[in-house]
Amino acid sequence: MQDNPSIQFDDQRLAKRQQLLEEGISLYPHEYKRSHTIDSIRTQFCEAGHDPSSEVISTAGRLYGVRDHGKTFFADLRDETGRIQLYIRKDALPEGKFQTFKNCIERGDIIGVTGRVFKTKVGEISIFVDDLTLLTKTLCSLPEKFHGLTNLEKRYRQRYLDLIVNEESRDTFRTRSRIISLLRNYLTNDGFLEFETPTLQPLYGGANARPFTTFHNALGQKLYLRIAPELYLKRLVVGGFEKVFEVAKNFRNEDIDTSHNPEFSMVEIYQAYADYQDMMRLTESVISSIIVNITGGVEVSFEENPISYKAPWQVMTMEDAVRTIGGVDIFAHDIDSLRKIGNEKGVEGIEETSSLREMLVLFFEALVEDKLIQPTFITDFPVENSPLAKSHRVKEGYVERFELFIAGMEIANGFSELNDPLDQMHRFEGQEEKRRLGDEEAQMHDYDFVNALGYGMPPTGGVGIGIDRLVMLITGNSSIKEVILFPSMKREQVTPETDNEAVPSDDENA
RNA sequence: GGGUCUGUAGCUUAGUCGGUAGAGCGGCGGACUCUUAAUCCGCAGGCCAGGGGUUCGAGUCCCUUCAGGCCCGCCA
């Protein structure tokens, strides 16, 4: 049983399992009827006295601490709703049960109990156990009761174990689930329809990023995992759905760090007849409503910084942000003097840049981004960086685009969507040119999308909000791995035949 | 990709100048009928991440591989 090194079964637990089998006790029964969850026991019996209740209840959960007192035990039982103490007496259980419990049931096992509720001498609401049933025998031993499981790698790789022993981790993911639910409710209540668009795409688009590649055997065709749902959602707006959104997993073939996971969650929202100003207001409203619902207030601290989500949030053009926060008035200089200033301030990539607008972006990234702690919308991006955004209505060379920054992280990105099919075609051509010059992140020319615009997309505003980062902000976690249940990790044991497999396997369809 | 730190029992860890691997929790055996990190007595459990080297002798020093954390780069 133990010859496979990746199996963590405990020999002593296996022995107990064997003993239980020999006693004819079912290790994995099929169901258990509960009269109460632990939380509902606490609610109903909050006034319990020292004498056990007349009402008999049944509940179930996992055993945590077990305190052996000879002919009695105290034990902690937990279900999803909470924790309650069990008081187990030899003389109260059916004949033989106590011995079986003592010998073969232990911390980590899942049991059901029937009993009556009372308050112990020291005032803790407990269940006086009349009978107990093993519901699941655990073969792996649990981490230590006091320090718990702190090894980060183990917590991420074996998240189930992290969830079993670390209440804070369970809280984080409970909050994550609520955030997504609040987001959906907000949008659907506001008349948005939720759709699912393809994850497997023959062309990828909607962002600048390198994709994951895969292969469809029957079609004999390369496919990409989407880097964004954008181009499909806009096709829906062309089709006549005026308010749409998708909670999408996106996949980008990039390195992993504390704010990037190769697969990440984003909500993309599109609204016909709206522009980027409307989408900023929507973004502000969605996020602050979630914050209020989760925290009851408008302020949440992140990495020592109290962050106020009280609307309205600050709005600055990129140019103003670089001037006031970065201390450089880009358009008061020529390229050469900007190169000099940039070198002094440690701005990177300025040597190969030849336009003031591109300089603006580089200065912004280097000098401003990580200083935007309070929620701040940065608006009016250079057209070169935004092939899917509509040209600015008054500022030549810019697009109507915004990004939301909080705690130095980019949280959202939105714009007045480009709906001029010819302009879109030219922008794609520009991207193709960049691809030819070796830019692996430039976008692909999606002719069908251009055709869709050819049938007419109303003026439309769109925004994408990064869900993982939003959860980080709300739950106070500095690492994205803490808010993704199963973050991407490198495989531990490399098996030769599956490692370094060529990407699209051309031999399979030969 | 670069820098840096880490990897010792199921978990949390100690390990000095290189000299036979130490503990707590958990487990097992024993005592205990209101404890809650229960307590008390005893026992078992280790290829010190893997490989190589230096040395009479390596958990400790050197090289290397693997995995992870943090920072930087790349990137939303």
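Letters go in sequence order (proteins before strands), and every chain restarts at 1.
Within the 4.0 angstrom heavy-atom criterion, base atoms lie near A:Gln85. Counting any heavy atom pair closer than 4.0 Å across all strands shown, A:Gly464 reaches no nucleic acid atom. Across all strands, A:Asn250 comes closer than 4.0 Å to no nucleic acid atom at all (heavy-atom distances). Contacts of A:Lys481 with the nucleic acid, taken as non-hydrogen atoms under 4.0 Å apart, involve only primed sugar atoms and P, OP1 or OP2. Among the atoms of the strands shown, only primed sugar atoms or phosphate atoms (P, OP1, OP2) are found under 4.0 Å from some heavy atom of A:Glu153.
A cation-pi arrangement, defined by a distance under 6.0 Å to the six-membered ring centre and an angle within 45 degrees of its axis, is present between A:Arg401 and A:Phe381.
The C1' atoms of B:A58 and B:G15 are separated by 13 Å, rounded to the nearest whole Å. Only the C1' atoms considered, B:G53 is 28 Å distant from B:A14, to the nearest whole Å. When the C1' atom is compared between B:G22 and B:A9, the two are found 12 Å apart, to the nearest whole Å. Using atom P as the reference point in both B:G26 and B:A38, the two lie 7 Å apart (nearest Å).
For a distance-only test at 3.5 Å, the side chain of A:His147 fails to qualify as a donor-acceptor partner of the base of B:C11. With hydrogens and angles ignored, no donor-acceptor pair closer than 3.5 Å exists between the side chain of A:Thr150 and the base of B:U12. Evaluation of atom-type donor-acceptor distances gives no pair under 3.5 Å for the side chain of A:Asp257 against the base of B:C70.
Checking the phosphate oxygens (OP1, OP2) of B:C25, no side-chain nitrogen or oxygen of A:Lys145 falls inside 4.0 Å.
Checked against B:A38, B:G68, B:G73, the side chain of A:Glu348 finds its nearest nucleotide in B:G73. Comparing atom distances between the A:Lys16 side chain and each of B:U33, B:A67, B:C28 picks out B:C28 as nearest.
When Watson-Crick and G-U wobble pairs are counted only if both distances are under 3.5 Å, B:G7 pairs with B:C66.
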